[in-house]
Amino acid sequence: MLLAHVALPVPMPHPYSYAIPARLAARVALGSRVLCSLGSRRLVGVVVAKGEGDPPPKVKPLLDLLDDEPSLSPALPEELLAFLRDLSAYYLAPIGEVMRLALPPIERAVARALEDSLFETKKGISARKVQTVIATDSVEAKALGGQAAAILAHVRAIGETPLTRLEERWKSARAAVKKLASLGLVTTSTREVAADSFFASPAPRDVPPELTAPQAAATEAIAASLAAKAATTFSLHGVTGSGKTEVYLRAIVAARAQRRGSIVLVPEIALTPQLVARFRARFGDDVAVLHSGLLPRERLAMWKRLRAGELDVAIGARSALFAPVRDLGLIVVDEEHDPSFKQEEGIRYHARDMAILRAHRASAVCILGSATPSLETEHLCRTGKAKKLVLPDRARAQAMPAVEIVDLRRMGPGPTGDKRISLPLHRALEATLAARAQAILFLNRRGFSPAVRCEACGELCACPSCSVALTFHKRHGERLRCHYCDYETPFPERCAKCQSPSLALEGLGTEKLEETLSAAFPEARVARLDRDVATGRTVDTVLGRMRAREIDILVGTQMVTKGHDLPHVTLVGVINADAALSLPDFRAAERAFHLLVQVAGRAGRGDAPGRVLIQTYTPDHPAIVHALRHDVNAFIERELADRREVGYPPYSRVALVRVDHPEESVARDACTLLAEVARQAAEAAGGEADARVQVLGPAAAPLARLRQRFRFRIMLRSSDRAMLRRTLLAVERARGQVARGVRTAIDIDPVQLL
DNA sequence: TCGTCAGTTAAA
DNA sequence: TTAACTGACGAG
């Protein structure tokens with residue numbers, strides 16, 4: 001019997017086998033999308049293997065083949081298919097769910113439509129409309145249950161909310177909203193949404209500039225690898241303004257010359273409109289820009305055009321890694337060090353690592369570009385797995401801004417009385433305002449105060465499910481919010497533990513900083529930029545106001561450090577550099593360093609020389625010392641040495657554990673032991689551990705049920721390196737105890753796979 | 001007795 | 001993941 005092995009979007013590690021009916025036999029290929037019935041459901045899957053053989057006892061036939069357009073068949077080209085299988089094996093992720101990453105999201109709707117045989121191919125793109133939900137003033141007559149109550153509370157707190165946003169969080173939001181609407185508690189309305197903002201204005205073509213010598217050398221090296229079809233990873237190290245983008249553009253041209261396509265990954269596409277603009281200026285509209293604002297239909301259109309080879313360049317965030325680009329020749333990862341390349345929910349993957357993998361599989365070139373390369377990339381260079389290309393800083397002549405340290409141990413508070421607005425910072429703000437220039441203040445804490453403590457018994461208000469301190473948000477009705485899980489509750493009247501009414505706000509968030517500054521500088525226009533005020537596209541609105549000089553002082557989180565030219569900013573203040581340094585992450589120092597270098601780069605790139613003030617209690621910390629001198633190499637050297645000293649692998653912190661033993665009881669014991677070790681290690685480290693256990697072999701089926709229980713995370717809530725070493729030793733020891741059939745992969749280096 | 005709920009199981 | 005099934009419970 002002819003069988004098709006199909007990866008279906010269910011969390012099972014194996015594909016399902018179906019009989020290929022005669023009428024489809026000629027057309028079903030590897031990578032084809034097929035409609036299958038699984039239990040009582042109908043699902044769209046991808047054919048990952050074909051063959052004759054013994055059918056499983058309950059084999060069913062394929063229902064249909066979805067690749068109706070011959071030019072787009074099969075849906076997933078061989079190269080992409082092979083890559084997805086590697087990714088699935090590497091991250092122990094269910095094959096079907098991985099395949100789904102690469103399929104256009106409209107498939108759900110298609111499958112449903114097929115089921116109802118209502119499917120009709122509508123050409124053209126419908127108007128962009130979005131349905132929103134607004135709470136009315138009426139009060140519910142009787143208590144509501146479950147989702148309806150939660151949704152009502154949410155809409156009342158947040159205000160007008162798109163229905164799709166609600167559906168992300170509550171599965172049956174649509175039904176619940178319908179019910180609420182019938183009770184008169186909410187109303188819905190449909191509004192038109194602005195067209196795709198990236199293509200709103202025509203792109204004036206640019207003229208390719210003359211390359212500098214280092215640019216030319218880099219371009220040449222890349223073109224040579226492309227011409228030789230030699231899979232090569234390049235680390236392109238150059239500060240902002242050193243011309244990395246021009247190298248990307250030339251590399252794409254070189255790939256094109258060989259009729260090969262390119263993928264460009266950026267950390268957050270919404271924050272990089274000017275990079276997109278440069279690509280459009282060079283290549284016109286022949287660039288697929290994949291961003292979150294696309295409607296499913298538009299996304300599908302892009303997908304098809306890429307698949308058909310009509311477009312050969314795709315730009316986007318993480319997920320653009322799975323673009324069906326034809327004859328892939330090049331993958332660029334811009335701002336390679338950025339942590340947002342790591343997908344942390346659903347299928348977990350690191351887009352930078354997987355970009356290297358996909359490029360190698362396709363005999364393509366991978367360029368990792370950054371002004372502050374990650375230690376992982378440096379490690380690849382040192383182990384000969386990547387080649388280093390350096391663009392010296394030609395902008396150095398324009399003078400880097402003067403970076404000054406404000407030692408909070410010695411410096412008293414400024415006139416506001418708040419220690420976090422020190423005297424030097426206060427004076428610098430005054431000077432900036434007097435000069436009619438702009439200032440950016442960076443504070444990595446959203447909300448008003450990051451903690452609320454009972455003054456009677458000392459208890460912190462904590463999230464019931466995450467046991468993390470709740471942040472007080474003044475706007476949106478004085479509520480406490482958990483920044484991990486979005487749990488929300490009104491500000492309590494009394495302490496939950498001792499009923500005392502004296503609850504004190506602790507610490508400083510962006511909301512409070514904004515308020516304090518508005519009071520201290522009444523003549524200044526103070527604005528705030530963080531996730532609470534700006535989501536996705538609205539970031540641009542705030543930055544637009546900044547560029548138009550409608551804002552004097554901008555207070556913000558991470559967001560203010562990324563992208564965008566703000567030429568009138570002459571002062572950048574880091575309120576508390578130690579906040580970034582004490583994050584519960586072994587990469588805290590590295591990230592703080594990246595942040596400080598980036599933030600410093602924001603000052604004075606325009607008409608006036610800039611000033612950067614970094615407030616800290618630990619001015620001697622290497623991340624701060626080296627950021628002061630803009631010395632990336634010295635920092636990397638120091639950090640690598642530090643990590644070596646505690647025995648931490650240079651690559652990744654994730655521990656994957658595979659248990660492969662035929663004896664169920666042994667496999668079970670191994671799982672139990674590893675889970676226990678992780679739990680204990682995590683407890684000792686004051687946090688959780690990040691590891692996953694997968695059971696392979698004959699014991700897999702009986703233990704599959706228990707998989708949930710064996711999934712655990714180690715997240716070190718301590719920057720204590722000795723603790724880190726103890727944790728790793730504990731996991732190593734456990735590996736020794738259950739040695740037979742247990743493999744652990746703690747040091748994950750994707751290039752080892754190649 | 002029926003409906004609801006939480007927990008279990010199988011899906012090719 | 002999802003849907004179907006199971007047994008336990010409590011309201012009527």
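- Taking the salt bridge (charged side-chain N to carboxylate O under 4.0 Å, His left out) definition, one finds that A:E459 meets it with A:K497, sequence neighbours left out.
- Between A:S40 and C:dA4, a side-chain N or O to OP1/OP2 separation shorter than 4.0 Å is present.
- If you take CD of A:E97 and P of C:dT1, they are 7 Å apart, rounded to a whole angstrom.
- With rounding to whole Å, A:L8 atom CG is found 18 Å from B:dA10 atom P.
- Spacing between atom OH of A:Y16 and atom C1' of C:dT2 amounts to 11 Å, rounded to whole angstrom units.
- Listed for the A:R446 side chain is no donor-acceptor partner under 3.5 Å among the backbone atoms of A:R531.
- Put simply, CG on A:L62 is 13 Å from P on B:dA12, counting in whole angstrom units.
- The separation between A:M99 atom CE and C:dT1 atom P is 19 Å, rounded to whole Å.
- Atom CG in A:L38 sits roughly 7 Å away from atom C1' in B:dA12 (whole-Å rounding).
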Anything under 3.5 Å between a donor and an acceptor, one on a side chain of residues 17-32 of chain A, the other on a protein residue two or more places apart or in another chain? List them.
residue : atom : partner : partner atom : Å
A:S17   : OG   : A:H5    : ND1          : 2.8
A:Y18   : OH   : A:S37   : O            : 2.8
A:R23   : NH2  : A:L63   : O            : 2.8
A:S32   : OG   : A:A29   : N            : 2.9
A:S32   : OG   : A:A29   : O            : 3.0

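- Side-chain atoms of A:T187 and A:T136 form no donor-acceptor pair, as typed in the model, at a separation below 3.5 Å.
- Note on A:V59: only backbone sugar-phosphate atoms sit closer than 4.0 angstrom, heavy atoms only; bases stay farther off.
- Atom-to-atom, CZ of A:R41 to P of C:dC5 comes out at 14 Å; the value is rounded to the nearest Å.
- Taking atom CZ on A:R42 and atom C1' on C:dT2, their separation rounds to 16 Å, with Å as the unit.
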